[in-house]
Every structure is written in C-alpha cells, then in structure tokens.
Amino acid sequence: MEPADRRRVVERHLEETVTAEELEELLAERDDPSVYIGYAPTGEMHIGHYTTIRKLVDFQRAGLSVTVLIADLHAYLDDEKTPWDLLDARSRYYQRTIETMVEATGGDPRAIRFERGSDFELEPPYTMDLYRLVGETTTRRAQRAGSEVVRQRDDPRLGGLLYTLMQSLDVAALDVDIAYGGIDQRGIYMLARETLPTLGYDKPICLFAPLLSGLEGGKMSASEAGSSVRLTDDRDAIVDKLNDAYCPAGSTEDNGILEYLKYLVFPTLMDRGQAFVIERPAEYGGDVVYEDYESLEVDFINEDLHPQDLKNAAAAAIAELIAPIRERTFEDPDVLEAAYPEQYG
RNA sequence: CCGCCCUUAGCUCAGCCUGGCAGAGCAGCCGACUGUAGAUCGGCUUGUCCCCCGUUCAAAUCGGGGAGGGCGGACCA
C-alpha cells in the first residue's frame, strides 16, 4: 500500500489524530508500526464497541501490528463495574467477542496480539513506574484526565484515580507507537503524553474514534438497554429499538441512526462493494439506492428521506451485520453465562 | 479507637419529633397528535421503608442489637 493510501486508511472515520504530523512521520519511517486499544471488560459489548473494532481491520490493512489489551484490573478499579470474581469470565467473553467481530469484518483475529492487564500490571518495572506517577500526579489532575471515562459519583474510590495512571503506563508497558480509543479517552492519553517522557518513555501518537450518540438522544448509556444496539440483540429487538429511536427529520444532531450508518453500515457495505437500498412505498417516492453515506445524509437533511423509511432500512442492515456475532455468541453460551450470571445464568 | 449523621419506588428525596391505608418530583409504561422518534397533552404503574429482636390493638415512625456508607476527632512511634 502506498504511504498516502496507508495514512488515509488509518485515519478514515476517526474523530481526531494527535498529532497528524507525528503519524505521517511514523508511517514514513516504519514498515510495521504498532497500535493498541484497551477495553475494560465490564458490561455486555454493544454496537459502539463494534465500530472501534472495525477500525482494527483498517489498521491491519495498513500494515500496522495490532494489540488489544483486556484491561481486567481497570474493570474492577472503575467503581467495581465488574466484581473481582467475574474479571476472568468477562475477560474471556470480551476477547472471544472481539475476535468474532474482527473476523466478521474481514480481518484476521490470529494476527492480533491479546494481552491481559493483570499479566503485566502487577510487577516491576510497571509497579515502580506506577509509584512514581502516584507521587508526581495531583488528585485533581488524575480526576480531570479520567472524568469522561471513569464513573463519576459522590465519594469516589481511589481506584478511579489509579485507573488513569495505569492506562498511561499501559502504553509504555505494551511498547506501542499508537494509542487508539474513543474520544472520551482523550484526557487520559493527553496525560500520558505529558507524563511518560518524564519516566523515560516515548509519548504515544493518539487516534480517537467518535462516540456514537444514544438512540434515545444525547449520550449513549451502557446501563440503558434502549440506548444502543447490543451484540446479543436479535432482529426484532433491533427493529424495536430503531423504531423507538430519537430521529428528527432533517437533523443530524444526536442522531444515533445516522451515525450507525456512517460508521458501521456504509463502511461495511463499501468493503463488500454493495450499495445501501432503502425500500419505500411508491406513494412516498419508491425505493432509493445510496452508494455512499454522504448522499444519504444530503437527502435526509433536505427531508427527501423520511425518518421512518430510514429506520426500516437501517434496522434491516444492522440486524444483518450483528447476526453473525450474535450467532457465534450463542453457539456456546457458557462464555456469556459465566460473564453475566445475573442475566444469563 | 471515640463521637455524630445517613440508609424509604429505577434516581433524588419528603414522611419519623407526636405510632393509625407508604408519598412527591424525575424516570418508566400506555394512549392522543405527528407518515418515525422527540416535544406537548391525557392516563397509569412502581416498594424486603437496610437486616434481626423487642414494645404496642397497631411500627417506615418508639427501644435494643447488627450491617453498609459518610463526616469529624484522637493517635502520629
């Protein structure tokens, strides 16, 4: 792949690159730079995870070596989102589901290096570095860096502060060039860029993915079922959720459905060389076919495309995308049941 | 280690003093209006009153014990 193409594939569908100059230089100098993303194995995986994992395949295509960190300790440190006893079961569920998503996207899961946080976060030099950061970082700085990631509450536990410092050190410990994550991770990685050089490590280049809006308007909430499509949702559940979704005619703001199309459906269809077909009753203008997201958005903004027609077609397309992942998950439900015994046990 | 405060609907809380059908707001659900949703309007639902024991005809409410959480004090080799 040509350097210019490489960069285009790496950066497409992203929210921000820090910094573009550093990335350009890295891709010019190195044949196989490395990138990592970390997931704390907490709640069930959803469509937002899918969009970030889709990107991993882009990275592979561009010749980057990809590491996925299953940040088990983080899942516990963030207000005990995952109880101590479930860390292992949820880590297994996350890794397996991520592999499934990569495969469904056309990538190679075996080419991904999976690391478990507790395998390297409990011994020197990691722990020595952690104590140095604990000594150097103010509580306010750590709190601010993690405020978009760590659960906010009255009387927060110390874990939330350690969380941000550990995530900074993960970048160094995994020895990667690029840190990739949702834009909510920005505060933490900016802290990492600031502090890692003081410990003698390189500062990472950062790639940030957009966060999908919730289907009910505003931010997506992992705790509200109707707020996002889950990877265990069947076709009927997806149709219901999209029908109930906030979707004002002509507006792209807080419009989760359009974002699903932009970041998940269209990229997938374009990979396959397919178009997006919206079936529509003749009285409303008949079927329409879109080759790219931009032309669909133009029609929607001009109100030439009605939300109900959009919802119907989007639900069908998303259900089709989710189906292989859902099927694989339920092929051996033990993994899911062990991870979420309250829901599936 | 000591003292004080808190625990009631999914959430925030009122009710406790002075025992008498367990409440409000928000959220949620259902309709109306929209070729979707939201907004608006109309209606509806929601409970281990933290746990145990006691007093009483009757306990969210009073008494005792316990658990969890918060605040403060003391200690600072």
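Nearest-nucleotide mapping onto RNA chain B: of A/E224 and A/P281, the residue sitting toward the 5' end is A/E224.
For the pair A/D240 CG and B/rC29 P, the interatomic distance rounds to 12 Å; values are reported in whole Å. Rounded to whole Å, the distance from OH on A/Y284 to P on B/rG35 is 8 Å. Distance CG (A/L305) to P (B/rG35): 17 Å, rounded to an integer number of Å. The nearest whole Å value for the distance from the CD atom in A/E80 to the P atom in B/rG68 is 14 Å. Distance A/E303 CD to B/rU34 C1': 13 Å, rounded to the nearest Å.
For the P atoms, the distance linking B/rG65 with B/rG23 amounts to 32 Å, nearest Å. The gap from the P atom of B/rA14 to that of B/rC6 amounts to 10 Å, rounded to the nearest Å. Comparing the same atom, C1', in B/rG28 and in B/rG47 gives a spacing of 15 Å after rounding to whole Å. B/rA27 sits 23 Å from B/rG15 when the P atoms are compared, rounded to a whole Å. Between the C1' atoms of B/rA59 and B/rU8, the separation comes to 14 Å (whole Å). The gap from the C1' atom of B/rG66 to that of B/rU7 amounts to 14 Å, rounded to the nearest Å. Separating the P atom of B/rC44 from that of B/rC71 is a span of 42 Å, rounded to the nearest Å. Between the P atoms of B/rC50 and B/rU12, the separation comes to 14 Å (whole Å).
Around the CD1 atom of A/I301, the shell of radius 6.0 Å holds more than 12 heavy atoms that belong to other residues, nucleotides or ligands.
Look at B/rA32: its Watson-Crick or wobble partner, with both distances under 3.5 angstrom, is B/rU40. For B/rU18, there is no paired base (Watson-Crick or G-U wobble, both distances below 3.5 Å). With a cut-off of 3.5 Å on both Watson-Crick or G-U wobble distances, the partner of B/rG3 is given as B/rC71. B/rU48 is unpaired under the Watson-Crick or G-U wobble criterion, no partner having all donor-acceptor distances under 3.5 Å. Shown here, B/rA24 forms a base pair with B/rU12; the pair counts as Watson-Crick or G-U wobble because both key distances fall under 3.5 Å. Using the Watson-Crick or G-U wobble rule with both distances under 3.5 Å, B/rC62 pairs with B/rG54.
Using modelled atom types and a 3.5 Å distance limit, the side chains of A/E216 and A/S227 yield no donor-acceptor pair. Looking at A/E291 and A/Q274, their side chains never bring a donor and an acceptor atom within 3.5 Å of each other. A donor-acceptor contact closer than 3.5 angstrom links the side chains of A/T52 and A/Y39. Side-chain contact, A/S65 with A/D32: no donor N or O sits under 3.5 Å from an acceptor N or O.
Evaluation of atom-type donor-acceptor distances gives a pair under 3.5 Å for the side chain of A/D309 against the base of B/rG35.
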Check: residues 191-201 of chain A side-chain donor-acceptor pairs under 3.5 Å, at least two apart:
{"unit_1": "A/R193", "atom_1": "NH1", "unit_2": "A/E22", "atom_2": "OE1", "d": "3.1"}
{"unit_1": "A/R193", "atom_1": "NH1", "unit_2": "A/P204", "atom_2": "O", "d": "2.8"}
{"unit_1": "A/R193", "atom_1": "NH2", "unit_2": "A/E22", "atom_2": "OE2", "d": "3.1"}
{"unit_1": "A/E194", "atom_1": "OE1", "unit_2": "A/R141", "atom_2": "NH2", "d": "2.9"}
{"unit_1": "A/T195", "atom_1": "OG1", "unit_2": "A/L191", "atom_2": "O", "d": "2.9"}
{"unit_1": "A/T198", "atom_1": "OG1", "unit_2": "A/T195", "atom_2": "O", "d": "2.6"}
{"unit_1": "A/Y201", "atom_1": "OH", "unit_2": "A/D129", "atom_2": "OD2", "d": "2.5"}

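Within 4.0 Å of A/N312, counting heavy atoms only, lies no atom of the nucleic acid at all.
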Any chance you could lay out the side chain to side chain donor-acceptor pair (under 3.5 Å) test for A/S295 and A/D292, step after step, and finish with the verdict?
CA-CA 6 Å; A/S295 52; A/D292 55 69; 3.1 Å; yes
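Remark: A/D108 pairs with A/R110 by the salt bridge (Lys or Arg N to Asp or Glu O under 4.0 Å) rule, at least two apart or across chains.
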Heavy atoms under 4.0 Å is the rule here; annotate nucleotides 36-45 of chain B 5' to 3' with B where the base is hit, S where only the sugar-phosphate is, and - elsewhere.
BBS-------
